[in-house]
Amino acid sequence: MNISQIEHIGIAVDNLEESIKYYEEVLGLKCYAVEEVVDQKVKTAFFLVGNTKIELLESTSPEGPIGKFIAKKGQGIHHIAFAVDNATEALKLAEQRGAVLVDKESRKGAEGLNIGFLHPKSTHGVLTELCSKQK
Ligand code: CMX
């Protein structure tokens, strides 16, 4: 699997603009990118903290994963993403080791990364993303 670092922490928010203000004006971080990921039904905003990113996620639809999460739990930490060499291989290995996959293979996510998720029911409650630059 070879996890090299926490790539990002995903945080579900009600309103991207309002949340960006908090991260910039209170914490003094700088939002360096805003991107819509259409197939995930989210708008994202990114901040760099050392080598790790904070990814804010606003839902574009109540049917999307973030819309459903916020309806149930409200705003807050949604997932943790680990950087690996090859997300598809890491997913396969995680499955062999007992995790339940949301994604059988990696797919394209924000910032062009290849991403795939492990189901939180199999990871002690934390939605876990594996991501890589290569496939
Ligand atoms: N963290 C912890 N638990 C979570 C969770 C999360 N982020 N999201 C859902 N759950 C829990 C729910 O609370 C629920 O638990 P209970 O059965 O005890 O009530 C269970 O998982 C099922 O939740 P659900 O609301 O019925 O949602 P679904 O099963 O339809 O979907 C999941 C859950 C994880 C499969 C779905 O959210 C998913 O596919 N996530 C991966 C994709 C994603 O999150 N995309 C957004 C980020 C995109 C990006 O980073 O670019």
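Each ligand, and each atom within it, is numbered from 1 in the order the structure gives. What you see is a predicted model, and the numbers here were worked out from it, not measured in a lab.
A side-chain N or O of Lys108 and one of Asn114 form a donor-acceptor pair less than 3.5 Å apart.
Ring-plane geometry between His79 and His8 is classed as perpendicular, the angle between the planes exceeding 60 degrees on a 0 to 90 degree scale with a lower cut at 30.
Here's the thing with Arg107: none of its N/O atoms is less than 3.5 angstrom from an N/O atom of ligand 1. In terms of N/O distances under 3.5 Å, ligand 1 is not approached by His119. Inclusion of Thr44 in the set of residues having an N or O under 3.5 Å from an N or O of ligand 1 is not warranted. Looking at His78 next to ligand 1, an N or O pair under 3.5 Å apart turns up.
For the pair Phe47 and Ile20, the minimum side-chain heavy-atom distance is below 4.5 Å.
Nearest protein neighbour of atom 43 (C) of ligand 1, counting heavy atoms only, is Gln40 OE1, 3.4 Å. Of the protein's non-hydrogen atoms, Lys72 NZ, 3.9 Å is the one closest to atom 25 (O) of ligand 1. Taking atom 50 (O) of ligand 1 as the reference point, the nearest protein heavy-atom neighbour is Glu55 OE1, 3.1 Å. Atom 30 (O) of ligand 1 has as its closest protein heavy atom Lys68 NZ, 2.6 Å.
Comparing Gly116, Gly67, Pro65, Pro120 by heavy-atom distance to atom 10 (N) of ligand 1, the nearest is Pro120. Counting heavy atoms only, Val102 comes closest to atom 39 (O) of ligand 1 of the residues Val102, Thr128, Leu127.
Residue contact check: Lys73 has heavy atoms under 4.0 Å from atoms 2 (C), 3 (N), 4 (C), 13 (O) of ligand 1. Counting atoms of ligand 1 from 1 in the listed order, those under 4.0 Å from a heavy atom of Gly125 are 1 (N), 2 (C). Ligand-side atoms of ligand 1 in range of Phe69: 5 (C), 6 (C), 7 (N), 8 (N), range being under 4.0 angstrom from any heavy atom. Contact atoms of ligand 1 toward Lys121: 15 (O), 16 (P), 17 (O), 18 (O), 20 (C) (distance under 4.0 Å to a heavy atom of the residue).
Atom 13 (O) of ligand 1 is flagged as protein-proximal [any protein heavy atom, distance under 4.0 Å]. In this structure, atom 6 (C) of ligand 1 has protein heavy atoms in its sub-4.0 angstrom surroundings.
Closest heavy-atom contact between Leu27 and Tyr23: CB-O, 3.3 Å. For the residue pair Thr44 and Leu57, the shortest heavy atom distance occurs at CG2-CD2, 3.6 Å. When all heavy atoms are compared, the tightest approach of Asp85 to Ser132 is O-CB, 3.4 Å.
Under 4.0 Å is where a charged nitrogen must lie from a carboxylate oxygen, and between Glu63 and Lys68 no such pair does. A salt bridge is defined here as a Lys NZ or Arg NE, NH1 or NH2 lying under 4.0 Å from an Asp or Glu carboxylate O, and Lys92 with Glu95 fails to meet this definition.
Taking Phe82 as the reference, Ile3, Ile6, Ile80, Thr128, Leu130 meet the side-chain contact (heavy atoms from CB on, under 4.5 Å) condition, with sequence neighbours excluded.
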* Would you check, one step at a time, whether the test salt bridge (Lys or Arg N to Asp or Glu O under 4.0 Å) holds for Lys43 with Glu35? => CA-CA 6 Å; Lys43 245 177 20 188; Glu35 180 183 347; over 6 Å; no

